[in-house]
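One structure is given here, and the rest of the page talks about it.
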Amino acid sequence: MERLVLHIDVNNAFLSWTAVDMIKKGYKKDIREEVSVIGGHAHSRRGVVLAKSTPAKKKGIKTGETMYQALLKDKNVKSYPPNFDVYQKMSSDMFELLYKYSPDIEKFSIDECFLEFTNVKYLYKNVNDFAKLISNDIKKTLGFTVNIGIGNNKLCAKMASNFSKPDKIHTLFNDEIQNKMWPLDVSELLWIGKKTSLKLRELNINTIGDLAKADEALLRRFFKNQASKMRMHANGIDYDPVVESVSKNASIGKSITFMEDTNDLNKIFKTFEMLTDQVASKLRKEKKYACGISINLKSSYFKTYSKQRKLKNPTNNTKVILENAKELFEEVYSGEDVRLVGVTTYNFVDSLTHQLSIFESEDNIKEELTIDKTIDEIRGKFGDTIISSASVYKNKKEKK
DNA sequence: TCTGGGGTCCTAGGACCC
DNA sequence: TCTGGGGTCCTAGGACCC
C-alpha cells in the first residue's frame with residue numbers, strides 16, 4: 001500500500017505567533033502586514049533576523065542575516081523581540097489540534113511536523129480535502145497560517161511544503177518528482193547544505209535531477225556512505241517512518257555569545273556558572289541525569305573547540321556539572337579571545353545510581369541535592385528569573 | 001555577508017585489547 | 001626494541017536542520 005504523508009509547517013512561525021499574541025493583547029495592527037522582523041537589536045552582536053514578514057521578504061530581507069543588513073534593505077523595518085514562552089504555547093496549541101486528526105505525528109521542530117495519513121485515510125474523502133480541513137481549522141481556531149506538503153514519504157512531503165508560501169497546500173507524489181523536484185537547484189534538497197552543494201557543483205551536478213542521475217561510484221568517491229542516501233533522496237525515495245515523538249532529547253545544552261570577545265577568565269567562568277545553572281535546572285525539571293558533559297567555545301575567528309567527558313556517576317547537580325565544565329574548559333583553552341561558550345549534557349539515564357568515591361560522604365551529596373531542590377522549588381513558585389545565576393547559589397551555600 | 005542558539009548525526013583518528 | 005592486523009570504543013570536529 002502506498003503511503004501518504006503530510007508535512008505541516010507554520011508560515012513565518014515566530015513572526016506570526018508574535019503577531020497573534022499582540023492582537024490578542026489588544027494591539028490594533030497586524031505586524032504580518034508590515035515590513036517587520038523578529039530579532040535582536042541592530043547594534044548588538046546577537047541582532048540577527050529570526051523570522052520575517054512576507055512584506056519584509058519582498059524587500060529581500062533574509063532569515064539569519066544581521067539586523068544591520070536588514071536595515072540596509074529597508075531602514076524602516078520594524079523589529080520585535082522573540083518571546084519563547086508565547087511560541088511554546090502556540091506550538092502546543094497547534095499540536096493539540098493536530099492530534100484530533102491523527103495520533104501518528106512526529107514533531108520535527110517547534111513549528112513543523114509530519115503526519116502519517118495512511119492509517120486514517122479511510123475516515124476522509126481524500127488527502128487534499130484532509131489537508132484543507134487542517135489548514136482551515138488552524139487558521140480559524142489559532143489565527144495563523146501553515147503550509148502543507150503532501151507526498152508518498154516524509155522527504156517528498158517536506159520538499160512540497162516548501163514550494164511556495166504562505167498558506168498553500170502542495171503535492172509531490174512519486175509521479176510528480178521529475179517535473180516538480182528535478183529542475184530545482186541541488187541545494188534545495190533536504191540535507192544538502194552549503195558545503196555539500198559546493199562540492200556537487202564542482203562535479204557539475206547543479207540540479208536535483210543531475211544528482212538523481214549521477215554516477216553512484218563517482219558520488220561514493222567524494223561522499224562515502226552519504227552517497228547512496230543523497231541519490232535516493234534526489235530520486236524522491238525515503239523509507240524513514242513517522243515516529244511519534246515523545247520529545248526524547250539526546251542532549252540538553254546552553255550557549256551564549258559574549259557582547260564582545262573576551263579572554264577574561266573571571267568573566268568566562270561566571271558565564272559558565274550561569275549556563276550550567278540553566279542546563280542543570282532543565283535536567284532536573286525533566287527528571288534526567290546526564291552521564292556526559294561537553295563544553296564548546298568559539299574563537300574570535302569562528303574556529304570552534306570542544307571537549308567532552310564521561311562521568312562515572314550520572315548527575316543533574318549544578319555544582320558537579322559546573323566543576324566538570326570548568327575543568328574541560330581549562331583543558332582546551334589556549335588564552336585567545338573567545339566569542340562564545342557553551343555547556344551541553346548528554347547520555348541521559350532516568351535514575352541515579354551513585355557509587356560513592358572515597359572522597360565524598362553520603363552527607364555531602366545529600367546537601368548538594370537539597371540545594372538544587374530548594375532552588376527549583378523557589379523557581380517553581382516565583383518563576384525562573386528569581387534566582388538568576390549560580391553565584392547566588394554559592395552564596396546560599398556559604399551561609400549554611 | 002561579518003555571521004544566534006537549540007539541536008542531531010556522521011566521520012576520522014587515536015587508544016586499547018587480543 | 002622492533003613489529004601485524006582486526007575489533008571496539010571514544011572523542012573532536014564538522015555538516016546539517018529549524
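Values below: all heavy atoms of this structure, side chains included; hydrogens, waters and symmetry mates excluded. Here is how names work: the chains are called A, B, and so on, in the same order as the sequence lines, proteins then strands, and each is numbered from 1.
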Task: Interface limits on DNA chain C, where chain A has a heavy atom under 4.0 Å of a nucleotide atom - done: dC10(C) to dC18(C)
Open item on the list: Quick check for you: to the nearest 0.5 Å, what is the distance between M67(A) atom CE and L50(A) atom CG?
Closed with: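 One gets 10.0 Å once the value is rounded to the nearest 0.5 Å.
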Open item on the list: Only pairs with both distances under 3.5 Å count, Watson-Crick or wobble alike; so what is the partner of dG7(C) in this structure?
Closed with: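 Checking every strand shown, dG7(C) finds its partner in dC16(B), with both distances under 3.5 Å.
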Salt-bridge criterion met for [X] and [Y] (N-O under 4.0 Å):
{"X": "R201(A)", "Y": "D185(A)", "answer": "yes"}
{"X": "K303(A)", "Y": "E336(A)", "answer": "no"}
{"X": "D264(A)", "Y": "K270(A)", "answer": "no"}
{"X": "D93(A)", "Y": "K89(A)", "answer": "yes"}

For [X], answer base if it contacts any base atom (sugar-phosphate contacts may also be present), sugar-phosphate if it contacts only those atoms, and nothing otherwise; contact means non-hydrogen atoms under 4.0 Å.
{"X": "T63(A)", "answer": "nothing"}
{"X": "G47(A)", "answer": "nothing"}
{"X": "E65(A)", "answer": "nothing"}
{"X": "K158(A)", "answer": "sugar-phosphate"}
{"X": "I256(A)", "answer": "sugar-phosphate"}
{"X": "K194(A)", "answer": "base"}
{"X": "K282(A)", "answer": "sugar-phosphate"}
{"X": "T196(A)", "answer": "sugar-phosphate"}
{"X": "F302(A)", "answer": "base"}

TODO: Return the orientation label for the F269(A) and F329(A) ring planes: parallel under 30°, perpendicular over 60°, tilted otherwise.
DONE: perpendicular
TODO: Report the relative orientation of the aromatic rings in H7(A) and F114(A); use parallel for angles under 30°, tilted for 30 to 60°, perpendicular for over 60°.
DONE: tilted
Open item on the list: Please give the distance between the C1' atoms of dC17(B) and dG4(C) as a whole number of Å.
Closed with: 14 Å
Open item on the list: Closest-nucleotide mapping onto DNA chain B: is S251(A) or F14(A) further toward the 5' terminus? I mean the 5' end.
Closed with: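 With S251(A) and F14(A) compared, the 5'-side residue is F14(A).
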Open item on the list: If you assign G64(A) and K224(A) each to the DNA chain B nucleotide with the nearest heavy atom, which residue ends up on the more 5' nucleotide?
Closed with: G64(A)
